[in-house]
*Asks:* 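Below you'll find the structure I mean.
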Amino acid sequence: MKKMVIGGIILIVALMAGTYFVAGDAFQSDDYINTLTMIGALAIIAITIFTVLKYVNQIKNDTASGELVDENWDGIGEYTNAIPSGWGIIFIGTIIWMFWYFFVGYPTNQFSQIGQYNEEVLENNAKFKSVWENPTDETLKAMGESVFLVQCAPCHGVDAEGINGKAQNLTHRMSKEQVLSVIQNGQQKLGYPMGAMPPMMAQGADAEAIATYIAGGMKGEAPVAFAACASCHGADGKGMNGMSPNIAEYDEKLVTKVLEHGKKGVIGTMPSFKGRLNPTQEKAVASFLTSIKAGE
Amino acid sequence: MFHWLEQKPFFFAVVLFLTVAFAGFVTIVPDFAKQSQPTVGTKPYTVLELAGRQVYIKDSCNACHSQLIRPFKSETDRYGMYSLSGEYAYDRPFLWGSKRAGPDLMRVGNYRTTDWHENHMMNPSDVVPGTVMPKYPHQFTNMADLATAYANANTQKELFGVPYDTDGMPKLGSWAEAEAQAKEDAKLIASDMKNQSVKDAVANGQVPEIVALIAYLNSLK
């Protein structure tokens with residue numbers, strides 16, 4: 001008998017140690033669920049072992065006794081024992097718990113899956129806000145990179161180079177082909193204060209010259225025809241402080257506008273990401289994109 | 001006390017079954033009937049979209065992609081608004097799926113576009129490095145089955161009362177009308193595509209499977 005008790009204790013300790021050795025890290029977090037599960041598992045093991053011991057003991061030593069009920073089934077009788085007190089307490093306990101469940105815990109129609117979801121979102125947003133209230137440039141860039149890898153990389157590629165022309169190459173502002181396409185078709189979608197850009201602002205050789213100049217990174221002398229562009233985009237192409245798109249480089253305004261409105265260009269269509277990212281995340285993506293341009 | 005009942009096992013079983021069945025009926029059916037009404041804004045599929053849906057089923061997309069977004073922050077962040085029962089009102093059969101080897105596609109129309117799908121179906125690893133999705137180049141040469149799609153839509157209209165041809169809902173009409181409309185829709189999709197043989201086929205009045213499939217995927221919102 002003593003051997004079994006000692007064996008049981010050794011088994012419990014061994015299981016505890018094994019679990020801690022394999023998954024000890026999980027108990028370091030502020031989430032209590034792992035600890036709770038562990039305590040539950042221990043309780044099950046302990047109760048099982050000691051109940052088994054009790055009954056093994058009883059089978060060995062006990063003899064049946066007591067008063068039989070009148071009825072019997074093919075000679076098999078039943079004692080008129082009272083139910084074990086533990087069962088009785090649990091039974092009454094479940095009745096009390098039922099009242100708690102109906103009237104206090106989960107009154108009818110008071111629980112909703114969607115309500116729980118809404119609470120989860122609120123809690124998450126509050127946590128996001130408190131942690132990222134004043135992000136530094138470094139954290140913004142890191143956040144931007146991870147958002148980029150999830151949301152943008154499927155089209156623009158993990159290196160942001162557009163997967164061989166399947167999407168915009170985000171390390172470079174515009175290609176010659178794109179500039180020509182915008183000049184020919186205009187751009188109505190982005191919603192800048194300057195409004196829509198009409199099609200056919202320049203033609204033929206003028207358009208060619210402008211496209212070469214912009215695609216080349218706006219270095220050197222601007223072609224004469226660029227005056228048409230400069231009237232809205234500014235002589236430096238930077239969009240006159242957010243009045244119109246920056247055609248010289250990516251900036252925060254451009255990135256957030258494109259995320260909001262989507263874009264249809266010569267490569268294809270980019271969907272709008274409105275509502276999918278919060279303002280901090282949009283800012284982070286912009287900060288990441290401007291940083292990869294700087295490192296070229 | 002219940003000796004009389006215990007002596008009649010068959011009668012007891014029948015009464016027990018009726019009691020449980022009644023309880024189940026009154027708890028499940030009213031809520032189910034309410035929840036399965038079409039959500040405001042949910043529309044039946046057009047013929048071209050239905051043809052694409054058949055391609056989706058034929059190529060077993062639903063074996064790896066679910067169409068059911070659960071109400072968890074982690075899911076809604078990635079896939080968009082959680083699904084409502086009423087959004088499946090016109091899905092016959094529904095394509096919830098039970099396994100996500102690939103991402104959920106319930107609202108893929110919101111964040112992927114025609115040109116992306118074109119690149120992706122031709123060779124998934126071109127756009128998603130390390131993907132396990134196989135290539136589907138046969139969709140660019142096989143033609144979609146518009147006739148079956150029309151029969152499907154018409155059956156749903158006649159038999160299940162799906163509101164085609166009503167105010168604000170897709171028009172079905174006769175087979176000739178529906179075929180012409182599907183080919184018009186296909187031209188819109190093809191104008192955003194780059195594959196020349198697909199463009200030629202659509203210009204010749206044919207509808208490759210890829211066009212129908214993209215129409216269907218774009219309609220998932």
*Asks:* Do other residues, nucleotides or ligands put more than 12 heavy atoms under 6.0 Å from A:Tyr79 OH?
*Replies:*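 Result for OH/A:Tyr79: enclosed.
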*Asks:* Pick one of side chain, backbone, both or neither for A:Ala167, based on which atoms fall under 4.5 Å of a heavy atom in chain B.
*Replies:*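 Contact with chain B: none, neither part.
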*Asks:* With a 4.5 angstrom heavy-atom cut-off, is it the side chain or the backbone of A:Glu71 that approaches chain B, or both, or neither?
*Replies:*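 For A:Glu71, the contact with chain B is made by the side chain alone.
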*Asks:* How about NZ on B:Lys199, more than 12 heavy atoms from neighbouring residues, nucleotides or ligands closer than 6.0 Å, or not?
*Replies:*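 Count over threshold, so yes.
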*Asks:* Take a 6.0 Å sphere around NZ of B:Lys58 and say whether it holds more than 12 heavy atoms from other residues, nucleotides or ligands.
*Replies:*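 Yes, enclosed.
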*Asks:* Identify the heavy atoms of B:Pro71 and A:Glu120 that sit nearest to each other, and give their distance.
*Replies:*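 That closest heavy-atom pairing would be O-OE1, 4.3 Å.
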*Asks:* Above 12 or not: heavy atoms from other molecules or residues under 6.0 Å from CD of A:Gln113?
*Replies:*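 No - once you tally the heavy atoms of other residues, nucleotides and ligands closer than 6.0 Å, there are 12 at most.
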*Asks:* For A:Ile267 versus B:Asp115, what's the shortest heavy-atom pair and its separation?
*Replies:*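 Minimum heavy-atom contact is O-OD2, 4.1 Å.
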*Asks:* Name the region of B:Asp126, side chain, backbone, both or neither, that has any atom closer than 4.5 Å to a heavy atom of chain A.
*Replies:*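 Both backbone and side chain.
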*Asks:* Please check if atom CG in A:Asp70 has more than 12 non-hydrogen atoms from other residues, nucleotides or ligands closer than 6.0 Å.
*Replies:*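 Counting neighbours around CG of A:Asp70, 12 or fewer heavy atoms of other residues, nucleotides or ligands fall under 6.0 Å, so no.
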*Asks:* Can you tell me how far apart NZ (A:Lys166) and NZ (B:Lys194) are? Round to the nearest 0.5 Å.
*Replies:*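 With rounding to 0.5 Å, NZ (A:Lys166) is 10.0 Å from NZ (B:Lys194).
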*Asks:* B:Trp116 side chain to A:Gly268 main-chain N or O, any donor-acceptor pair under 3.5 Å?
*Replies:*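 Looks like no, no N/O pair under 3.5 Å.
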*Asks:* When you look at CZ of B:Phe12, are more than 12 heavy atoms from neighbouring residues, nucleotides or ligands closer to it than 6.0 Å?
*Replies:*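 It does not: B:Phe12 CZ has 12 such atoms or fewer within range.
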*Asks:* Can a donor-acceptor pair be found, under 3.5 Å and without considering hydrogens, that links the side chain of B:Thr113 to the backbone of A:Thr269?
*Replies:*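 Yes; at least one donor-acceptor contact below 3.5 Å.
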*Asks:* Find the one option among B:Val128, B:Asn119, B:Asn110 whose heavy-atom pairs under 4.5 Å with chain A are most numerous.
*Replies:*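 So the answer, after comparing B:Val128, B:Asn119, B:Asn110, is B:Asn119.
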*Asks:* Take atom CD of B:Gln196 as the centre, draw a 6.0 Å sphere, and report whether it contains more than 12 heavy atoms from other residues, nucleotides or ligands.
*Replies:*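 Check passes, neighbour count above 12.
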*Asks:* Distance-only, no hydrogens or angles: does the A:Arg276 side chain make a donor-acceptor pair with backbone N or O of B:Arg78 under 3.5 Å?
*Replies:*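 Side chain of A:Arg276 to backbone of B:Arg78: a pair is present.
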*Asks:* Looking only at heavy atoms, what is the nearest atom pair of A:Ile163 and B:Val127, with distance?
*Replies:*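 Smallest heavy-atom distance, with atoms named: CD1-O, 3.4 Å.
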*Asks:* Could you tell me if the side chain of A:Asn125 sits less than 4.5 Å from the side chain of B:Lys73, heavy atoms only?
*Replies:*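 When only atoms from C-beta onward are counted, A:Asn125 and B:Lys73 do touch, with a gap below 4.5 Å.
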*Asks:* Quick one: what part of B:Arg70 sits under 4.5 Å from any heavy atom of chain A, side chain, backbone, both or neither?
*Replies:*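 Contact with chain A: none, neither part.
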*Asks:* If you draw a 6.0 Å radius around CZ in A:Phe111, do more than 12 non-hydrogen atoms from other residues or ligands fall strictly inside?
*Replies:*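 More than 12 within 6.0 Å, yes.
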